[in-house]
Amino acid sequence: MFDAILLQFLNGLDKGGAYALIALGLTLVFGTLGVVNFAHGALFMLGAFCAVAFRQILTLETVTIDPTQLNPWGQPLEIRTPLVQGWFGDFGAVLVDWSVPVSILLAIPVMALLGIAFERGLIKHFYKRPHAEQILVTFGLAIVLQEIVKSVFGANPIPQPMPAALQGAADIGALIGLTPGVITYPLWRLVYFLFSLGIIGGVFAFLRFTTFGMVVRAGMADRETVGLLGINISRRFTFMFGLASVVAGLAGVMYTPLLPPNYHLGMDFLVLSFVVVVVGGMGSLPGAVAAGFLLGILQSFASMTEVKAIVPGIDQIIIYLVAVVILLVRPRGLLGRRGVMEA
Amino acid sequence: MGNLVSKLSLSRRDLLLLLAFGAAVLLMPLWLSPFGAAYPDLLQKFVIYAIFAVGFNLLFGLTGYLSFGHAAFLGAGSYAAVWSFKLLSMDALPALIFAVAISGIFALVIGYLSLRRSGIYFSILTLAFAQMSYNLAYSVLTPITNGETGLQLALDDPRVLDRALGPQPEGLPVPHLLGLELTGYTGFFFCALVLILAFYITVKIFSSPFGLMLRAIKSNQNRMGYMGFDTKPYALTVFVISGMFAGLAGALLAITDPLAGAERMQWTASGEVVLMTILGGVGTLVGPALGAVVIKYFENIFSAFNDQILSNAFAFVPEGLRETVVAIVGKFVGEGWHLTLGLIFVLVVVFLPGGIMEGIRRIMSLFRRAQRPAKGAPARIQPAE
């Protein structure tokens, strides 16, 4: 029984990591710019497709026909070599193998630029307008983004392989002294969990220990006063939107081996991560992270057969159910500040 | 009796509006034929989604509560209507009554809980409830909803009332109204009459003291509270009415095509009705219906476009350039029509928050400006605070 519980706990961690990362970005945007961003899930999806695009570029092939060898159909054998492998030899092969983690290098500038472009081009005009209009315009933006992705990459999910070295499973049980082979955990999920912890730690450290972060936090608390001190706070907030977009994008990049991305991936995660933000408390960064992991783990427990036998269908609705209960009982969420969006 | 008549009557202006609206709806087969949209299947869709949008606007337009889960009521209405076909009778009336009652009860429960919060929390609560219904309809509730396949009629359905009244014809029966088969144009006119009735109710609500109260909720709910009004019952009432309209639309969908699937409850469907209402004009009487027709029309026309039709349309472009133009435009039509929809939607929210109706009003005031200066600020979407 303990084994089963530990296993479900572990299973919840990677999904919880994804929720936490998306919710962190959502909260950053809401806390700094006061915008309810329904396009945030689309940014997660765009990140995932950065990985797809990167791999597609890497695996552009040259086809040479070798007349001395025949394929099983009797035609001359086509030899396909990825261009990078032709140029860099073995290093190229490694690059193709590690395409998902390496595509982070592509995703960071792309997502940052996209985020800043959205903020400057569209969302900027909606600060003073009601939340309902912000929801509507970002919802429209999300539709546009996902349809563009659909028309470029098609409607089907595109599986992304993980690096061969990380395909196995870690024997967590043996590490902590249990019988080996009972509790194994896929390595990539472990990587994802650690990765999300790293990003979350990085964002918190950035806000806590840098001057820039301090100014941003001050701006979150009282934008007007910071502005009166002669600080260009709106430029810093634009940067934070870019940062939130990068965080969502990286969450998407690393999630691709776990879930083949398709164009409506963002919408699927958006609804869930809004729920996460609300459960954690609107505007509370630790709340978003805690609620992300909490809900990921809860969802994982709810999908246990034993639990489903007691309450059928609970795995389908657990997250929404938690959100409804939290909103009705404690509207500012688990860690929300009193008075922030408490209505 | 005289009292009743005076209660049901409308002011002169509203009566004219209702007559004009009714005429426009009933004459759709005539005036839409130059646009290539005058065939019953599409016309039925126009009318049904107009009911859905008009009902949604009762809630969002009057009170400012933005529900992102209205499709749940549409789906519930569809399921209820198909069950009525299966269990009771193929007649449309019991199906409509049953569907409206079920979706009303459903809306009462969800509304009672969701309306305890406002603003974005209300949106997320309704969204959460709708997603729960959708997920459950797909999984655990399969005995009621028939899961992914969708609920369909079967030859061995009980149909208690029909069988009690006489022998049944061979094969799958068709929904009918007191013996009149509701297919093709008959089906359209039936839906159109329901829409006109729904529109009449909407006009009544807009001009009633109840409607005024709802508008007051939108402009300042706190002040209403200070003045001693409990706003909750009013908001809940309109939420239930709005849910019933959605259920009515869902039932009509089932009547014109006796099939109900869970995807009608998905949140994209809820998003669609929001789009229709915004595009047409939030808080206006005719706007949402207009938005529904425009979106359904373009969905139908645009998604039928393919490269062949496009290259005919761009025949005037020189040979070498034509393929490029067709390739670019092709991304926005056919499969990619949702891209166009998203772009239009963003543009409308940014530049024309009052939707098509505000556009019309602006054009009208341009013409009128010659005589006297324009008055009044354009309507804005307001959140419920």
Side-chain angles (χ1 to χ4, degrees), chain A residues 30 36 38 122 125-126 129-152 154-155 263-264 267-268 270-272 274-275 277-279 282 308 311-325 327-329 331-333 341-343, chain B residues 60 64-66 68 110 113-114 116-125 127-142 221 266-268 271 274-275 278 282 330-332 334-350 353 380-385:
Chain A
F30 180 76
V36 181
F38 260 52
L122 185 66
H125 306 289
F126 280 80
R129 288 170 67 171
H131 282 311
E133 285 188 22
Q134 296 172 353
I135 293 179
L136 294 172
V137 77
T138 48
F139 177 60
L141 179 64
I143 297 178
V144 171
L145 290 178
Q146 79 172 39
E147 291 303 321
I148 290 175
V149 166
K150 183 179 164 193
S151 74
V152 175
Y263 69 101
H264 54 75
M267 288 298 187
D268 301 343
L270 173 82
V271 179
L272 291 173
F274 251 104
V275 168
V277 170
V278 166
V279 169
M282 248 3 220
K308 277 199 280 191
V311 194
I314 186 73
D315 55 322
Q316 302 286 328
I317 59 166
I318 176 78
I319 287 202
Y320 303 110
L321 207 59
V322 171
V324 166
V325 171
L327 274 182
L328 293 178
V329 177
R332 68 185 140 113
M341 289 287 291
E342 206 176 350
Chain B
F60 182 41
Y65 278 97
L66 172 57
F68 246 93
I110 293 185
L113 294 169
S114 304
R116 297 174 58 170
R117 301 280 164 254
S118 58
I120 176 176
Y121 288 151
F122 173 81
S123 304
I124 292 176
L125 272 173
L127 182 60
F129 279 118
Q131 283 297 94
M132 273 201 255
S133 321
Y134 168 71
N135 286 347
L136 287 179
Y138 253 128
S139 56
V140 187
L141 295 181
T142 305
Q221 190 159 4
Q266 208 181 2
W267 76 278
T268 43
V274 180
L275 296 187
I278 303 282
V282 185
K331 293 283 181 207
F332 292 90
E335 289 279 293
W337 122 262
H338 277 106
L339 178 57
T340 319
L341 181 64
L343 282 175
I344 294 175
F345 182 65
V346 171
L347 292 178
V348 164
V349 177
V350 173
R380 300 280 303 248
I381 313 159
Q382 294 279 327
E385 295 294 352

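What you see is a predicted model; the values in this text were computed from it and never measured.
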Portion of A:Leu145 that has a non-hydrogen atom of chain B nearer than 4.5 angstrom: neither
A:Phe139 vs B:Val349 side-chain heavy atoms within contact, under 4.5 Å: no
Passing option when B:Ile124 is tested against A:Val277, A:Ile135, A:Val278 for side chain to side chain contact (heavy atoms under 4.5 Å, CB included): A:Val278
Check against side chain to side chain contact (heavy atoms under 4.5 Å, CB included), A:Val324 and B:Met132: CA-CA 10 Å; A:Val324 166; B:Met132 273 201 255; 3.7 Å; yes
Ring pair (Phe, Tyr, Trp, His ring centres under 6.0 Å) against B:Phe345, all qualifying residues, sequence neighbours excluded: none
Interatomic distance, A:Leu272 atom CG to B:Gln131 atom CD [nearest 0.5 angstrom]: 8.0 Å
A:Ile143 and B:Val346, any side-chain heavy atoms less than 4.5 Å apart: no
Side chain to side chain contact (heavy atoms under 4.5 Å, CB included) between A:Leu136 and B:Val348, intermediate numbers included: CA-CA 10 Å; A:Leu136 294 172; B:Val348 164; over 6 Å; no
B:Leu127 versus chain A, the contacting section by heavy-atom distance below 4.5 Å: side chain
Under 4.5 Å from a heavy atom of chain A, the part of B:Phe68 involved: side chain
Heavy-atom proximity to chain A below 4.5 Å, by part of B:Val350: both
Contacting region of B:Leu66 [heavy-atom separation from chain A under 4.5 Å]: side chain
B:Leu141 versus chain A, the contacting section by heavy-atom distance below 4.5 Å: neither
Chain B contact via A:Phe38 - side chain, backbone, both or neither, heavy atoms under 4.5 Å: side chain
